[in-house]
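Residue numbers start from 1 in every chain, and the chains themselves are labelled A, B, ... in the order their sequence lines are given, proteins ahead of strands.
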Amino acid sequence: MSEKADKNDFFELVFAVVAQIPEGKVTSYGAIANFLKDKRAARMVGWAMNASHKQKRAIPAHRVVNQQGLLTGKMHFETPTAMQERLQAEGVVVINDQIQNFENVFWQPKIEA
DNA sequence: CCCATGACCACAA
DNA sequence: ATTGTGGCCATGG
């Protein structure tokens with residue numbers, strides 16, 4: 001089988017991690033990038049999220065925020081408020097696009113088969 | 001083909 | 001502590 005798409009692996013890896021985020025929890029781009037040994041490539045993670053809409057897999061991109069716990073990419077969602085509303089629907093307190101008690105809801109990326 | 005932008009993060013001054 | 005720049009890789013014009 002010739003799996004060669006390296007960049008595709010990056011996508012799958014990011015999607016895999018994001019898909020494993022438990023409800024009521026969030027993670028950061030840098031955390032994922034760091035997990036991928038490319039902490040400088042945090043932008044690529046965000047870019048992968050942009051492609052998450054194309055993925056058939058349910059990618060809870062709303063659970064992915066920046067290191068500050070700020071909903072930077074809310075504008076890329078269906079609606080600018082979809083991200084915040086969705087997070088709150090999962091029990092995450094978000095005020096002014098800022099996740100409250102971010103440390104408590106922070107989830108460390110890890111591959112759980 | 002070259003330039004500019006992007007859901008970011010880390011480091012230096 | 002804050003501000004500014006670089007770096008990362010890919011996509012778009």
Looking at DNA chain B, which of residues 85-106 of chain A put a heavy atom within less than 4.0 Å of it?
none

Residue list, salt bridge (charged side-chain N to carboxylate O under 4.0 Å, His left out) with A:K110, at least two apart or on another chain:
A:E112

Distance check needed: B:dA10 C1' versus A:K37 NZ, whole Å only.
18 Å

Applying side chain to side chain contact (heavy atoms under 4.5 Å, CB included) to A:A89 and not counting sequence neighbours gives none

In terms of side-chain geometry, is the basic nitrogen of A:E90 or A:K25 positioned less than 4.0 Å from the acidic oxygen of its partner?
no

For residues 51-61 of chain A, the side-chain hydrogen bond (donor to acceptor under 3.5 Å, both in side chains) pairs (sequence neighbours left out) are none

Exercise answer: donor-acceptor pairs, residues 64-72 of chain A side-chain atoms, under 3.5 Å, sequence neighbours excluded:
{"from": "A:N66", "atom 1": "OD1", "to": "A:Q68", "atom 2": "N", "distance (Å)": "3.4"}
{"from": "A:N66", "atom 1": "OD1", "to": "A:G69", "atom 2": "N", "distance (Å)": "3.1"}
{"from": "A:N66", "atom 1": "OD1", "to": "A:L70", "atom 2": "N", "distance (Å)": "2.5"}
{"from": "A:Q67", "atom 1": "NE2", "to": "A:S28", "atom 2": "OG", "distance (Å)": "3.2"}

Mind calculating the distance between CG (A:N34) and C1' (B:dA10) to the nearest angstrom?
11 Å

N/O contacts under 3.5 Å, protein versus nucleotides 5-7 of chain B?
{"from": "B:dG6", "atom 1": "N7", "to": "A:R43", "atom 2": "NH2", "distance (Å)": "3.0"}
{"from": "B:dG6", "atom 1": "O6", "to": "A:R43", "atom 2": "NH1", "distance (Å)": "3.3"}
{"from": "B:dA7", "atom 1": "OP1", "to": "A:H76", "atom 2": "NE2", "distance (Å)": "2.4"}
{"from": "B:dA7", "atom 1": "O5'", "to": "A:H76", "atom 2": "NE2", "distance (Å)": "3.2"}
{"from": "B:dA7", "atom 1": "N7", "to": "A:G46", "atom 2": "O", "distance (Å)": "3.3"}
{"from": "B:dA7", "atom 1": "N7", "to": "A:N50", "atom 2": "N", "distance (Å)": "3.2"}
{"from": "B:dA7", "atom 1": "N6", "to": "A:M49", "atom 2": "O", "distance (Å)": "2.8"}
{"from": "B:dA7", "atom 1": "N3", "to": "A:Y29", "atom 2": "OH", "distance (Å)": "3.2"}

Can you tell me how far P in C:dG6 sits from the matching atom in B:dC3, rounded to whole Å?
16 Å

Provide a list of protein-nucleic acid N or O atom pairs under 3.5 angstrom, restricted to nucleotides 11-13 of chain B.
none

How would you list, by chain and number, every residue that makes a salt bridge (charged side-chain N to carboxylate O under 4.0 Å, His left out) with A:K74, sequence neighbours excluded?
A:D97

Mind checking what makes salt bridge (charged side-chain N to carboxylate O under 4.0 Å, His left out) contact with A:E85, not counting sequence neighbours?
none

Could you list the cluster mates of A:V93? Members are the ILVMFWY residues connected by side-chain heavy atoms closer than 4.5 Å, either directly or through other members.
A:I95

Are A:F10 and A:W47 close enough that their ring centers fall under 6.0 Å?
no

Take atom CD of A:Q68 and atom C1' of B:dA10, then tell me their distance rounded to the nearest Å.
13 Å

Considering only atom P, compute the distance from B:dA4 to C:dT5 and round it to an integer number of Å.
15 Å

So ring pair (Phe, Tyr, Trp, His ring centres under 6.0 Å) across residues 72-105 of chain A, not counting sequence neighbours, yields A:F102-A:F106

Roughly, in whole Å, what's the span from CG in A:D38 to C1' in B:dC8?
13 Å

In chain order, what residues pass the side chain to side chain contact (heavy atoms under 4.5 Å, CB included) check against A:P109, with sequence neighbours excluded?
A:V17, A:T27, A:A31, A:I32, A:F35, A:W107

